Engineer: 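Below is one structure. I have some questions about it.
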Amino acid sequence: IETRAIDTFLDLNEGDLVVHLSHGIGRYRGMQLVEQDGRREEHLSLEFRDGVRIWVPVSLIHLIQKYIGAAKAAPTLSRIGGTGWTRSKDKVKQ
């Protein structure tokens, strides 16, 4: 799986494929302001298989990389909580 580090969320366009280091391949769905414990912080909205979304704080952008694939076909989005992403990472390590 080929990826490229993201310096800023401005490197992403809505709909781009991304790789979350823990969760796998997802689709960037834009930015959202989230309020938690009285603090407001911008989050990247990522969509995974079955429409599951997670929000990643901008302060953790280092966990996200832009997907750059060599294949003509788009990859399958990862399933949150599944074992497929862990198996894919293990294959790459070998």
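Along the sequence shown, residues are numbered consecutively beginning with 1. Model, not experiment: these values are computed from the prediction. These numbers come from the heavy atoms of this one structure, side chains and all, not from hydrogens, waters or symmetry mates.
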Engineer: Looking at Arg53 and Glu47, would you say the former's side chain and the latter's main chain have a donor-acceptor pair under 3.5 Å?
Structural biologist: no
Engineer: Give the cluster check for Trp55 versus Ile64: same hydrophobic cluster or not, with ILVMFWY residues linked at side-chain heavy-atom distances below 4.5 Å.
Structural biologist: no
Engineer: How long is the span from the OH atom in Tyr67 to the CG atom in Asp16, to the nearest 0.5 Å?
Structural biologist: 12.5 Å
Engineer: If you look at every heavy atom in Phe48 and Ile25, which pair is closest and at what distance?
Structural biologist: CD2-O, 3.3 Å
Engineer: When rounded to the nearest 0.5 angstrom, what is the spacing between CD1 in Ile61 and CG in Leu12?
Structural biologist: 6.5 Å
Engineer: Tell me whether Val58 shares a hydrophobic cluster with Val18, the cluster being built from Ile, Leu, Val, Met, Phe, Trp, Tyr side chains joined at under 4.5 Å.
Structural biologist: yes
Engineer: Test side-chain contact (heavy atoms from CB on, under 4.5 Å) on Leu44 and Met31; report intermediate values, then the result.
Structural biologist: CA-CA 5 Å; Leu44 290 84; Met31 298 296 294; 3.8 Å; yes
Engineer: Are Ile54 and His20 close enough that some pair of their side-chain heavy atoms sits under 4.5 Å apart?
Structural biologist: yes
Engineer: Quick check for you: to the nearest 0.5 Å, what is the distance between Ser59 atom OG and His43 atom NE2?
Structural biologist: 7.0 Å
Engineer: For side-chain contact (heavy atoms from CB on, under 4.5 Å), just list the numbers for Leu77 and Leu17, CA-CA rounded to whole Å, side-chain angles, deciding distance to a tenth of an Å, and then say yes or no.
Structural biologist: CA-CA 9 Å; Leu77 298 181; Leu17 291 171; 3.8 Å; yes
Engineer: For the residue pair Pro57 and Glu41, what are the closest heavy atoms and their distance?
Structural biologist: CB-OE2, 3.6 Å
